Enquirer: 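This structure is in structure tokens; I'll ask about it shortly.
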Amino acid sequence: ANKPISVAVTGAAGQISYSLLFRIASGALFGLDQPVSLRLIEVDPALRALEGVAMELDDCAFPLLDSIEMTSDLKVGFDGVNWAILVGAMPRKAGMERGDLLGINGKIFGPQGAAIAAHGASDVKVFVVGNPCNTNSMIARDAAKDLPADRFFAMTRLDQNRAKSQLAKKAGVAVTEVSNVAIWGNHSATQFPDFLNARISGRPVVDVIEDHDWLHGDFITTVQKRGAAIIDARGASSAASAASAAIDSIKSIITPTPEGDCVSLVVPSRGEYGIEEGLQFGFPIRSDGTSWRVVEGFDLDDFAKSKIAITTNELIAERQEIKAILANS
Ligand code: NAI
């Protein structure tokens with residue numbers, strides 16, 4: 001049998017993890033011949049609830065689940081892990097300024113990045129879900145100087161999946177017909193879901209969907225504001241779909257990207273498309289199963305460029321704010 005892959009998940013007692021952990025343990029992420037060890041990390045007040053989650057994982061009798069460790073100690077939690085999935089974050093509460101949120105999360109993701117670099121396996125990779133996920137992944141990356149920057153990812157896949165589903169519905173086709181959907185920039189309401197380079201059954205979306213006002217208008221805002229729409233309807237934020245997107249994301253990093261397609265991931269910019277180097281930025285990516293690269297040659301017209309400028313500026317502002325906050329603390 002294969003040696004277990006060791007996976008740390010923070011925020012393990014939260015609602016995304018309540019879906020994510022069961023899918024990882026079932027083999028949905030690493031495959032049906034790959035055992036997994038889970039290292040579940042929570043803050044102390046949530047450790048009791050976490051015990052309940054672990055009891056349920058036991059009760060599934062998953063053949064591939066090798067072991068479960070529960071801890072609030074980062075050194076123990078990240079010890080020897082091959083993947084660190086950072087889901088836990090401080091949610092934005094009513095009346096909270098973005099600066100407050102960035103500051104609190106800076107103090108979570110810095111120490112986590114440092115602990116991953118110090119204690120993780122030599123091949124450790126880091127995938128950030130907790131918001132603001134681009135900037136949180138940048139904080140973790142900066143605190144983990146010993147690790148190559150290309151090991152740090154954050155999640156725009158939920159946005160990609162949302163965009164794909166909206167395009168398929170509008171065109172009246174199956175989601176499997178929609179390819180090459182890129183999400184540019186920040187995982188926030190400023191993101192740019194790219195319909196210009198997307199394809200339906202291999203043809204440009206703009207040739208298949210005739211309602212270009214919809215593409216430039218409601219399509220974009222529906223994807224940008226989908227998170228808020230779900231909170232309005234469900235009374236709680238996206239959880240199962242976020243977990244599903246996290247599974248899709250990590251799978252897309254460790255599996256070659258299908259020919260002619262791309263996947264949306266937040267990665268460190270090396271200056272592609274003129275995006276400032278070092279920002280953790282949502283790009284179209286191709287993976288060969290071990291390494292990844294930003295897909296070059298996407299056509300961006302003035303409309304796309306202006307949208308990408310907005311989301312880039314937001315990320316630059318977040319970076320400035322967090323630098324100032326961390327420097328003063
Ligand atoms: P939740 O509030 O149900 O769970 C978060 C858990 O994290 C809680 O159990 C909390 O105790 C824990 N936690 C907080 N600080 C921690 C720390 N320092 N170390 C370890 N655990 C810690 O939240 P939910 O719904 O599971 O969402 C988690 C995060 O994912 C949120 O930040 C949310 O905004 C984000 N999210 C990101 C999406 C994306 O597309 N990138 C989509 C949906 C949610």
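Both backbone and side-chain heavy atoms feed into the values below; hydrogens, waters and symmetry mates do not. Start at 1 and go down the list; that is how both ligands and their atoms are numbered. Remember, predicted model here, so these are calculated numbers, not experimental data.
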Enquirer: Students often mix this up, so state it plainly: with edges at 30° and 60°, are the rings of Phe192 and Phe303 parallel, tilted or perpendicular?
Expert: perpendicular
Enquirer: How about Gln191 and Thr311: does a side-chain donor come under 3.5 Å of a side-chain acceptor?
Expert: no
Enquirer: So is Gln112 close enough to ligand 1, meaning a heavy atom under 4.0 angstrom away?
Expert: yes
Enquirer: Show me the donor-acceptor pairs, under 3.5 Å and distance only, between side chains in residues 253-267 and residues at least two apart or in other chains.
Expert:
unit_1	atom_1	unit_2	atom_2	d
Thr255	OG1	Lys251	O	2.5
Thr257	OG1	Ser287	N	2.7
Thr257	OG1	Ser287	O	3.4
Asp261	OD1	Asn180	N	2.7
Ser264	OG	Val181	O	3.0
Ser264	OG	Ile183	N	3.0

Enquirer: How far is atom 33 (C) of ligand 1 from its nearest protein heavy atom, and which residue and atom is that?
Expert: Asn131 ND2, 3.7 Å
Enquirer: As an exercise, identify every atom of ligand 1 less than 4.0 angstrom from a heavy atom of Ile108.
Expert: 18 (N)
Enquirer: Does the side chain of Glu314 come under 3.5 Å of the side chain of Thr190 through a donor N or O and an acceptor N or O?
Expert: yes
Enquirer: Atom 5 (C) of ligand 1: which of Ala239, Ser188, Gly14, Ala243 has the nearest heavy atom?
Expert: Gly14
Enquirer: Tell me whether the rings of Trp214 and Phe219 are parallel (<30°), tilted (30 to 60°) or perpendicular (>60°).
Expert: tilted
Enquirer: May I ask you to check whether Gly11 has an N/O atom sitting below 3.5 Å from an N/O atom of ligand 1?
Expert: yes
Enquirer: Verify side-chain contact (heavy atoms from CB on, under 4.5 Å) between Val53 and Met70, making sure each step is shown before the conclusion.
Expert: CA-CA 10 Å; Val53 177; Met70 287 175 270; over 6 Å; no
Enquirer: Determine, considering heavy atoms only, which of Gly130, Ala13, Ala242, Gly77 sits nearest to atom 43 (C) of ligand 1.
Expert: Ala242
Enquirer: Just say parallel, tilted or perpendicular for the rings of Phe22 and Tyr18, cut-offs at 30° and 60°.
Expert: perpendicular
Enquirer: Give me the residue, atom name and distance of the protein heavy atom closest to atom 29 (C) of ligand 1.
Expert: Val87 O, 3.2 Å
Enquirer: With heavy-atom distances below 4.0 Å as the criterion, list the atoms of ligand 1 near Cys133.
Expert: 41 (N)
Enquirer: For atom 11 (O) of ligand 1, what's the nearest protein heavy-atom neighbour? Residue, atom name and distance, please.
Expert: Glu42 OE1, 2.8 Å
Enquirer: Near His187, which atoms of ligand 1 are under 4.0 Å from a heavy atom of that residue?
Expert: 38 (C), 39 (C), 40 (O), 41 (N)
Enquirer: Do we see a donor-acceptor contact under 3.5 Å between the side chains of Ser238 and Arg226?
Expert: no
Enquirer: Can you report which non-hydrogen protein atom sits closest to atom 27 (O) of ligand 1, along with the distance?
Expert: Ile16 CD1, 3.3 Å
Enquirer: Which residue from Leu158, Val129, Asn161 reaches closest to atom 41 (N) of ligand 1 through any of its heavy atoms?
Expert: Val129
Enquirer: Nearest protein heavy-atom contact for atom 23 (O) of ligand 1: which residue, which atom, what distance?
Expert: Gln15 CG, 4.3 Å
Enquirer: Considering the heavy atoms of Ser237, write down every atom of ligand 1 situated less than 4.0 Å from one of them.
Expert: 25 (O)
Enquirer: Which protein non-hydrogen atom lies closest to atom 2 (O) of ligand 1, naming both residue and atom, and how far is it?
Expert: Pro91 CG, 4.7 Å
Enquirer: Which of these, Leu101, Thr10, Val43, Asn134, has its nearest heavy atom closest to atom 16 (C) of ligand 1?
Expert: Val43
Enquirer: Going by distance alone, is a donor N or O of one side chain under 3.5 Å from an acceptor N or O of the other, for Asn186 and Glu318?
Expert: yes
Enquirer: Is the closest side-chain donor-acceptor distance between Ser37 and Ser6 under 3.5 Å?
Expert: no
Enquirer: Nearest non-hydrogen contact with atom 14 (C) of ligand 1 belongs to which option: Ala154, Ala236, Ala89?
Expert: Ala89
